[in-house]
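Predicted model, so just to flag it, every value in this text is computed and none were measured. We count residues from 1, following the sequence as given. Counting convention: from 1, in listed order, for ligands and their atoms alike.
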Amino acid sequence: MMRQGMPFFHYRDGTLCAEEVSLAGLADSLGTPFYCYSSAALEAAYSSFAAALVGLPATIYYAVKANSNQAVIATLARQGAGADVVSEGEMRRALAAGVVPEKIVFAGVGKSKAELTAGLEAGILQFNVESLSELQALSQVAASMGRRAPVALRINPDVDALTHAHITTGRADNKFGIDLALAREIAGRQREFPGVAFEGLAVHIGSQLTDIGPYRAAFRKVIALYRELQAQGLALKRLDLGGGLAITYRDEAPVDLQAYAAMVREETEGLDAELAFEPGRLLVGNAGVLVSRILYVKDARQRRFLIVDAAMNDLIRPMLYEAWHDILPLQQPGPDAAHGLVDVVGPVCESTDIFARQRSLPAMGEGDLLAICSTGAYSAVMSSNYNSRPLVPEVLVRGDRHAVVRPRMEYEALIAQDRLPDWLASGATGREGMKAARRRGAAE
Ligand code: LLP
């Protein structure tokens, strides 16, 4: 094993492999940059969480937002996972990947009526509703279809998740969820929502949580409310405890899954509820790497820059959250290899396009390959075409096999996305167009 948390990426014969596939070999055949995921890593992450939950009436709904490649969803679905989706696009992807509608939870703070309709038409398990207005909209849409939408109210328990401010979701000043008082009020007014069947409560307080304390505090509040509403006669049957479990990016000690499950057992003791969990990062984060090639080494006065061919449009976490991602050379450095401080940067014209600042790395030169680690979650999914850079390929490895599960976007496809309006479409543009306009102006 070469790096804590990523046992399925290791050096073999001096070269970094995903399971039994050489990443340098993939770089030769596919070009760089590309994402590579390990099936074994996905399956191991799923089964260790599932194993921890044994004995609980629990279902794992994979939070598709973390990595929505259908091959990834299908790999987890084969293990038994359902899907937690936050848009019609994610729902369609989950369905296309073979997740049955009865195992799809639709979450998200702003589902449009079109999305609510699509979820109802698909017959999904549950809508996690985040506001009174959304509840009214869903009730109307469902009633007009002669249906009752299965609903879990997402509760905002006002608990600090002790994680990065950009990924905390359970505090009163976050936009997510319904506070306890409003949830009680809604429960008392259920008749006003004829298109809704109140089936559960949901809670999710943030992402990359390394501490059990905030979970326990949040669950306790929501479970107390669950019991209270049940006692009032609400036919609740499902409690969705969200996701957020951390992975190791650098040296974080992730939540011990056994301890987490033990805490859930204690808090839900005697509760009449099926449990739902929505992990994303935990299942996929350490199952992927982004492979990139060093284009140029630039020695500036103060710094050495490794300019690589991946950029912030391919992976934005370091820039958006100041996130740390380990960087490994594809060619294994010798035990005594000299290390130096470098900035690893991308080619995008922004000074924030930096993957690592003053990082101690073994000596690497132009043309060398490197892997940016722990990029299975919130990486390819957050990529964009900024600077008109085509989206990069995704590869899934299984043992000694690999498959390109998303090909590199062709320039033709990128260019074909735009349409010229009719007043620009015919003939002259640029200098020619200016001349033509001047001629027209003179003629008028
Ligand atoms: N359930 C809900 C309602 C969520 O909002 C999220 C994530 C999850 C489940 C899954 O959380 P996970 O288990 O993956 O922590 N882009 C950020 C993370 C955003 C998380 C958004 N919500 C990042 O790259 O760190």
May I ask which of G244, S207, A323, G285 has a heavy atom nearer to atom 13 (O) of ligand 1 than the others do? G244
Compute both the distance and the angle, then confirm whether R359 meets the cation-pi test with W324: under 6.0 Å from the six-membered ring centre, within 45 degrees of the axis. yes
Give the contacting part of [X] toward ligand 1: side chain, backbone, both or neither, where contact means a heavy-atom distance below 4.0 Å.
{"X": "Y321", "answer": "side chain"}
{"X": "R281", "answer": "both"}
{"X": "E278", "answer": "both"}

Less than 4.0 angstrom from a charged side-chain N to a carboxylate O is my criterion; do [X] and [Y] meet it?
{"X": "D343", "Y": "R304", "value": "no"}
{"X": "E192", "Y": "R189", "value": "yes"}
{"X": "E88", "Y": "K111", "value": "no"}
{"X": "R216", "Y": "E267", "value": "yes"}

Check for me whether [X] has a heavy atom closer than 4.0 Å to any atom of ligand 1.
{"X": "D84", "answer": "yes"}
{"X": "P279", "answer": "yes"}
{"X": "A66", "answer": "no"}

Subset of ligand 1 atoms that lie under 4.0 Å from at least one heavy atom of [X]:
{"X": "A63", "value": "10 (C)"}
{"X": "R154", "value": "3 (C)"}
{"X": "R317", "value": "23 (C), 24 (O), 25 (O)"}

With E278 as partner, the option from N128, I60, L245, L241 fulfilling side-chain contact (heavy atoms from CB on, under 4.5 Å) is N128
Could you check F34 against L26 for side chain to side chain contact (heavy atoms under 4.5 Å, CB included), going step by step and ending with a plain yes or no? CA-CA 9 Å; F34 65 90; L26 291 178; 3.5 Å; yes
